[in-house]
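Have a look at the structure below before the remarks.
Proteins come first, then strands; the chains are lettered A, B, ... in the order of their sequence lines, and each starts at number 1. Only heavy atoms go into these numbers, but all of them, side chains included; no hydrogens, no water, no symmetry mates.
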Amino acid sequence: MEPLHEPVLRWYDAHARDLPWRRPDATPWAVLVSEFMLQQTPVARVLPAFPAWLERWPTPAALADAPSGEAVRAWGRLGYPRRALRLHAAATLIVEDHGGEVPAGYDDLLALPGVGEYTAAAVASFGFGARHAVLDTNVRRVLARAVQGVALPTVSVTRGERTLAASLVPDREPARWAVAVMELGAMVCTATAPRCDPCPIADRCAWRAAGGPPYDGPPRKPQPYDGTDRHCRGALLAVLRDADGPVREELDKAWPDTPQRTRALAGLLDDGLVVERAGRGYALPG
DNA sequence: TAAACGTGGTC
DNA sequence: TGACCAAGTTT
């Protein structure tokens with residue numbers, strides 16, 4: 001039978017989105033920045049933030065030279081602002097340990113703060129054309145359906161998935177396969193209401209062949225937000241991002257519940273997202 | 001391993 | 001309207 005990658009690559013050739021971090025002139029640094037921004041964040045929200053970031057900090061050295069608080073401020077409302085701090089720390093480490101060049105090796109990438117299994121494989125693959133299994137939520141869903149015949153993958157990556165994903169990587173154009181299967185998951189084999197009609201592998205999809213049975217695994221935990229400490233942290237950080245200098249009363253106003261505000265602020269200080277300015281209030285790190 | 005960690009769009 | 005979801009990592 002025709003290998004799985006062939007119809008997927010043909011589909012990708014015809015339907016790939018023109019995303020800035022996929023262009024031939026995208027540097028490994030640009031790829032790294034895009035991957036940080038895309039962690040748990042939709043493409044549509046990254047699209048405007050990505051070029052603005054690169055224009056300001058076109059190299060790891062440029063970002064490393066800036067205060068970490070400026071990275072947090074520029075991160076804006078992308079969410080999970082610790083990513084900005086980690087990207088800044090990664091840039092610093094790239095300057096210190098790799099001469100200012102994003103390392104090409106998986107292990108060196110994995111050693112960078114904020115870079116896990118997925119991001120290391122993605123940067124090695126998209127930034128350098130290396131051959132890696134790139135297993136993100138999109139790919140996991142495609143494989144769960146097409147190969148395993150179930151509606152959705154398990155909560156965490158299994159050994160079996162890694163083995164399966166590795167077995168599917170072609171020798172020719174491995175990075176193109178990685179981006180193609182991700183794109184298929186993002187645009188066609190979506191989490192809800194998959195569009196099987198245009199799917200290039202619908203005729204060999206195990207899930208479809210089984211009649212599209214619903215997800216039957218353990219219940220997935222919903223993620224509350226309203227009124228949580230996370231919500232409070234977000235509100236406090238929004239004030240700090242918009243402030244020029246140290247603030248105190250603005251924070252009190254932004255979140256009147258004092259015990260929770262105090263707890264959240266302590267967490268932000270602990271994370272290094274906020275610093276205290278001797279007796280004058282709080283600010284982003286200088 | 002489970003829980004924490006932002007934010008906003010969608011059906 | 002509200003629950004679900006989005007190119008994860010860290011502890």
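Of the two residues contacting DNA chain B, namely A:Ser156 and A:Asp271, the nearest-nucleotide position lying further toward the 5' end is that of A:Ser156. For the pair A:Ala238 and A:Lys221, both in contact range of DNA chain B, the more 5′-proximal nearest nucleotide belongs to A:Lys221.
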**Request:** Starting at the 5' end of nucleotides 1-11 of chain C, put B wherever the base has a protein heavy atom under 4.0 Å, S where only the sugar-phosphate does, and a dash everywhere else.
**Result:** ---SSBBBSS-
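The span of DNA chain B lying next to chain A, judged by atoms under 4.0 Å from heavy atoms, is bounded 5' to 3' by B:dA3 to B:dG8.
Between the side chains of A:Arg131 and A:Ser125, not a single donor N or O lies within less than 3.5 Å of an accepting N or O.
Within 6.0 Å of the CD atom in A:Glu101, the count of heavy atoms belonging to other residues, nucleotides or ligands does not exceed 12.
The minimum heavy-atom distance between A:Ala120 and A:Tyr106, with the atom names listed, is CB-CE1, 3.6 Å.
A salt bridge is defined here as a Lys NZ or Arg NE, NH1 or NH2 lying under 4.0 Å from an Asp or Glu carboxylate O, and A:Arg22 with A:Glu183 meets this definition. At a threshold of 4.0 Å, the pair A:Asp18-A:Arg23 counts as salt-bridged, since one of the basic side-chain nitrogens sits closer than that to a carboxylate oxygen. A salt bridge links A:Glu70 with A:Arg73; the closest basic N to acidic carboxylate O contact falls under 4.0 Å. Under 4.0 Å is where a charged nitrogen must lie from a carboxylate oxygen, and between A:Arg176 and A:Asp13 at least one such pair does. Using a 4.0 Å cut-off between a side-chain N of Lys or Arg and a carboxylate O of Asp or Glu, A:Arg10 and A:Glu2 qualify as a salt bridge.
Separating the P atom of C:dA7 from that of B:dA2 is a span of 22 Å, rounded to the nearest Å. A gap of 14 Å separates the C1' atoms of C:dC5 and B:dG6, to the nearest Å. B:dC11 and C:dA6 have their P atoms separated by 12 Å, with the value rounded to a whole Å.
Using a 30° and 60° split on the angle between ring planes, A:Trp177 and A:His5 fall in the perpendicular class, above 60°.
Residues A:Trp21 and A:Phe126 place their aromatic rings such that the two centres sit no closer than 6.0 Å. Residues A:Trp29 and A:Trp57 place their aromatic rings such that the two centres sit no closer than 6.0 Å.
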**Prompt:** Pairing of DNA chain C as dot-bracket, 5' to 3': ( ) intra-strand, [ ] crossing, | other strand, . unpaired, with Watson-Crick or G-U pairs under 3.5 Å?
**Reply:** ..||||.||||
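At a threshold of 4.0 angstrom between heavy atoms, the contacts of A:Leu78 include nucleobase atoms, whether or not backbone atoms are also involved. A:Arg77 comes within 4.0 angstrom of the backbone, heavy atoms only, and of no base.
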